[in-house]
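First comes the structure, then the notes that go with it.
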Amino acid sequence: FVKIEQDLLKRLPNRPYTPWCADYTLEPIESHTHTIASPVAFTSLGMRTISYKDPASPYLLLAAELMENLFLHREIREKGGAYGSGATYTPSSGNFHFYSYRDPHLARTLQAFPKAADKIAHKKFNDRELEEAKLGVIQALDAPILPGNRAMIAYAWMRAGRTLAMREEFRQQVLGATKELIAQAVATHLHPQSGIWVSFLGQELLNKEAKLKNPLEK
């Protein structure tokens, strides 16, 4: 794979370019709901955090795995009755999301999201659970790349400046992560109260949930 990447880079044009930019502003987005023909809710809470090149990025990736395995699945799916839930972190963009789907609750779920972050920030997980999270993350990092996608992925890595040395360092940080480093990363960089949530749900469920206090209300 390294040889393919090197050969590809030799064939790419080496011309200077000016990044595109535009002078415009985006309207601020507030948390909101959309009514749909459904008796349940599909909810996501998103927030901007750090990206791939930040030293704490590998720890947020592990934190997402821990939150899903140790808290969100139990609180939202097993206790709350949702079909599924979880947390995802995308290092390339720095976006962190909590989500639930086919969920009979809204307020209860929005309460569970910051509780999951608080649980990890206070190191409420043991060494075995951390080891399992590492295995899950490494499995995703080391997943085989289809031959047809290798050139495209290598080019994307090059454009993002994600060198082989950086990718290897990221992997080693995942393997060497400690409870303290993960807890510190969550406490420093993850603030669900500042995120934006969106929910698609039925009108009847929305009417019922509107009577409950929004736990993320600023």
Side-chain angles (χ1 to χ4, degrees), residues 22 24-51 56-57 59-125 129 132-133 136-137 140 182-183 185-218:
Y24 65 90
T25 57
L26 297 175
E27 292 293 328
I29 300 175
E30 300 291 337
S31 296
H32 57 281
T33 60
H34 295 276
T35 56
I36 59 175
S38 171
V40 291
F42 301 80
T43 304
S44 179
L45 168 67
M47 65 210 81
R48 293 300 301 272
T49 61
I50 54 178
S51 59
S57 181
Y59 311 135
L60 287 188
L61 199 58
L62 286 164
E65 190 86 6
L66 288 164
M67 290 177 202
E68 183 168 335
N69 294 343
L70 305 183
F71 189 82
L72 296 172
H73 179 87
R74 182 180 70 251
E75 293 297 319
I76 298 178
R77 182 172 182 177
E78 294 179 5
K79 294 183 181 180
Y83 193 82
S85 64
T88 63
Y89 169 59
T90 308
S92 58
S93 65
N95 292 327
F96 196 105
H97 293 92
F98 295 98
Y99 64 89
S100 73
Y101 53 95
R102 293 178 64 179
D103 189 349
H105 303 282
L106 176 58
R108 177 191 177 105
T109 296
L110 291 176
Q111 289 174 347
F113 292 158
K115 286 181 180 178
D118 186 68
K119 181 183 181 74
I120 303 306
H122 286 85
K123 296 183 284 189
K124 294 181 180 178
F125 56 96
E129 292 163 341
E132 291 176 356
V137 170
I182 296 171
V186 172
T188 304
H189 301 292
L190 203 60
H191 306 289
Q193 299 292 346
S194 65
I196 297 172
W197 62 266
V198 178
S199 184
F200 292 80
L201 72 172
Q203 186 63 54
E204 184 177 347
L205 178 58
L206 177 60
N207 293 340
K208 183 184 76 172
E209 295 289 327
K211 301 174 184 179
L212 305 175
K213 177 176 174 56
N214 174 10
L216 296 175
E217 196 173 46
K218 300 179 178 64

For Y83 and S100, test the side chains for any donor-to-acceptor distance below 3.5 angstrom and give the result as yes or no.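 Side-chain D/A pair, Y83 to S100: absent.
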How far apart are the closest heavy atoms of [X] and [Y], and which atoms are they?
X	Y	result
A63	I182	CB-CG2, 4.0 Å
A112	L72	O-CD2, 4.1 Å
A41	S199	CB-OG, 3.8 Å
V40	R102	CG2-CA, 3.6 Å
G80	P104	O-CG, 3.2 Å
A87	Y99	N-CE2, 3.7 Å

Check: residues 113-125 side-chain donor-acceptor pairs under 3.5 Å, at least two apart:
unit_1: D118; atom_1: OD1; unit_2: H122; atom_2: ND1; d: 3.1
unit_1: H122; atom_1: ND1; unit_2: D118; atom_2: O; d: 2.9

Spell out, as yes or no, whether a donor-acceptor pair under 3.5 Å connects the side chain of R48 to the backbone of S93.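 Pair found, side chain donor or acceptor close to backbone of S93.
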Backbone of H191 reached by a side-chain donor or acceptor of S194 within 3.5 Å: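 Between the backbone of H191 and the side chain of S194 there is a qualifying donor-acceptor contact (under 3.5 Å).
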Apply side chain to side chain contact (heavy atoms under 4.5 Å, CB included) to the pair I50 and Y89, showing each step before the final yes or no. CA-CA 10 Å; I50 54 178; Y89 169 59; 3.9 Å; yes
Just verifying a value: how many Å separate L60 CG and M67 CE, rounded to the nearest 0.5 Å?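 That separation rounds to 7.5 Å.
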Can you tell me how far apart CD1 (I76) and CD (Q111) are? Round to the nearest 0.5 Å.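 Between atom CD1 of I76 and atom CD of Q111 there are 10.5 Å.
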What orientation do H34 and H32 show, parallel under 30°, tilted 30 to 60°, or perpendicular over 60°?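 The rings of H34 and H32 stand perpendicular, inter-plane angle above 60°.
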Basic-acidic side-chain contact under 4.0 Å: E78, R74: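 R74 and E78: not salt-bridged.
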Intermediate values then yes/no, side chain to side chain donor-acceptor pair (under 3.5 Å), T109 and D103: CA-CA 8 Å; T109 296; D103 189 349; 2.4 Å; yes
Student check: side-chain heavy atoms of I196 and M47 closer than 4.5 Å: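 No, too far: nothing below the 4.5 Å cut-off.
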